[in-house]
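Because the structure is predicted, anything quoted here is derived from the model rather than measured.
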Amino acid sequence: MLHYDSLQTSSALAFSQLVPALETMFAAHCDVPMRHNHTITDKQGNKKGTLLLMLAWQPERWLGVKTVSVFPQNVRHNLPGLHSVYILYSAQTGKPEAIFDGDSITSRRTVAASALAARFLSRENSKTLLIVGAGRVAELLADAYLSVRRIERFIIWNQTCSKAENLAERLRGKGLQAETAVDLAEAVKQADIVSCATLSTAPLILREWLQTGTHLDLIGGFAPDMRETDDACFADTSVFIDTEEALMKAGDLLSPIAAGVFTPQQVRATLADLCRLKHTGRKNTDEITVFKSVGSALEDLAAAVLAYEQLNA
């Protein structure tokens, strides 16, 4: 069985290829059972983290499974909050073919899915991207969005200002126009696209800040106790989700549903619907669109297959 580390895995997942690979997989058939979600506690019964098990397969082709551990307080230990491993099998024989760095698979397919959604949902002339967060996923958003939109200005906001400045400096090192923001409300008002990649458990983005025509991308909140927006962000906007599972797992959706300001029936389409051209996406330049994702094992499988093919070409 082949083993690929973080650098090898990432090098095989260029966004120019990964975004189309996700689109192809969403448009095709893929079996994706509900993920396993388990709470990990300490000796006192307090929540320490979450363990996820995600699997998907295409009959007679590929089978994949990913284990993910999410420990938000790892920042205290100078460690990432998320670690994962991905195993790719043959779906014909069950033979394990390769093990990949799951962190690279997860982070790159996550932002690729957001970029894919933005191709349908953001205005074509979007020029300014606000990145909320400065972690591993946020680090990749600029490159992912540049694969689908001609972004000219990047604004970075993070609760720790120094981390925002470090990310902006790295983007400037790539020749991009990047700056930090202290006032999040003002930054949202200036952005054509707002992309949130945090582990926040309290709303960061308020509906009153969103301007006409904005596209809001919500990546971080994948569990019921996680939030990146207030309920009002879903009251009068066009809401899209990556999969139906988002309606069962995402606090950003569960809260406005419980408050009665949003219903599941108001979801315009899933990412599969968009890729299968069952929905056209954005209807006009004034529409405020919201894309809420919780991640899908389908995306992991698409990324792993692409990486395997690239590394064994």
For the student: nearest non-hydrogen atoms of [X] and [Y], plus distance:
X    : Y    : answer
A168 : T180 : CB-CG2, 3.8 Å
V148 : A115 : CG2-O, 3.5 Å
K189 : Q211 : O-CG, 3.4 Å
S126 : S122 : OG-CB, 3.9 Å

So does [X] have more than 12 non-hydrogen atoms from other groups sitting under 6.0 Å from [atom1]?
X    : atom1 : result
R61  : CZ    : no
K47  : NZ    : yes
Q190 : CD    : yes

Is [Y] reachable from [X] through a run of hydrophobic residues whose side-chain heavy atoms are each under 4.5 Å from the next?
X    : Y    : answer
V68  : F71  : no
I288 : L206 : yes
L247 : L271 : no
F26  : V305 : yes
L311 : I87  : no

Hey, what do you get for [atom1] ([X]) to [atom2] ([Y]), rounding to the nearest 0.5 Å?
X    : Y    : atom1 : atom2 : result
C161 : I156 : SG    : CD1   : 12.5 Å
D101 : H83  : CG    : NE2   : 9.5 Å
L88  : L63  : CG    : CG    : 8.0 Å
L301 : L22  : CG    : CG    : 10.5 Å
L130 : L184 : CG    : CG    : 6.5 Å

| field | Residue among T229, D230, D236, D231 satisfying side chain to side chain donor-acceptor pair (under 3.5 Å) with R207 | value |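 Between R207 and the candidates, side chain to side chain donor-acceptor pair (under 3.5 Å) is satisfied uniquely by D236.
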| ring pair (Phe, Tyr, Trp, His ring centres under 6.0 Å): pairs with one or both residues in residues 153-187, sequence neighbours excluded | none
| query | Which pairs count as ring pair (Phe, Tyr, Trp, His ring centres under 6.0 Å) when at least one residue sits in residues 205-234, sequence neighbours excluded? | reply |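 Sorted result for residues 205-234: F234-F262.
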Exam field: side chain [X] to backbone [Y], donor-acceptor pair closer than 3.5 Å:
X    : Y    : answer
T106 : D103 : no
D286 : G213 : no
E228 : T198 : yes
T289 : L121 : yes
R35  : E245 : no

| request: Before giving the answer on side chain to side chain contact (heavy atoms under 4.5 Å, CB included), spell out for L55 and L53 the whole-Å C-alpha distance, their side-chain angles and the decisive distance to 0.1 Å. | output: CA-CA 7 Å; L55 63 157; L53 301 177; 5.6 Å; no
| field | Derivation of the side chain to side chain contact (heavy atoms under 4.5 Å, CB included) call for R282 and E124 | value | CA-CA 10 Å; R282 172 176 287 273; E124 289 188 16; over 6 Å; no
For the residue pair [X] and [Y], confirm or rule out a side-chain donor-acceptor distance under 3.5 Å.
X    : Y    : value
S114 : D217 : yes
S6   : S104 : yes
T263 : Q266 : yes

| task | Please list, chain by chain and in numerical order, all residues satisfying ring pair (Phe, Tyr, Trp, His ring centres under 6.0 Å) with Y4, sequence neighbours excluded. | result |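 Residues passing ring pair (Phe, Tyr, Trp, His ring centres under 6.0 Å) with Y4: F100.
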| With sequence neighbours left out, what residues match F240 under ring pair (Phe, Tyr, Trp, His ring centres under 6.0 Å)? | H279
| task | For E139 and K163, run salt bridge (Lys or Arg N to Asp or Glu O under 4.0 Å): C-alpha distance rounded to whole Å, both residues' side-chain angles, the deciding distance at 0.1 Å, then the answer. | result | CA-CA 11 Å; E139 178 93 24; K163 291 183 178 180; over 6 Å; no
| Should R150 and E152 be marked as a salt bridge (Lys or Arg N to Asp or Glu O under 4.0 Å) after you check the CA-CA gap, both sets of side-chain angles, and the distance that decides it? | CA-CA 6 Å; R150 295 181 179 180; E152 297 177 354; over 6 Å; no
| query | Sequence neighbours excluded, which residues qualify as side-chain contact (heavy atoms from CB on, under 4.5 Å) partners of T270? | reply | I241, E244, A272, D273
| request: Applying side-chain contact (heavy atoms from CB on, under 4.5 Å), name anything that partners A303, two or more places apart in sequence or on another chain. | output: L13, L18, I105, R109
| message | Just so I know, are the side chains of R227 and D252 near enough to count as touching, which here means a heavy-atom distance under 4.5 Å? | response | yes
| task | Just do the side chain to side chain contact (heavy atoms under 4.5 Å, CB included) check on R153 and E179 with the steps written out, would you? | result | CA-CA 8 Å; R153 180 189 180 201; E179 62 196 75; 2.9 Å; yes
| field | Derivation and outcome, salt bridge (Lys or Arg N to Asp or Glu O under 4.0 Å), residues D192 and R149 | value | CA-CA 11 Å; D192 298 308; R149 287 288 181 261; over 6 Å; no
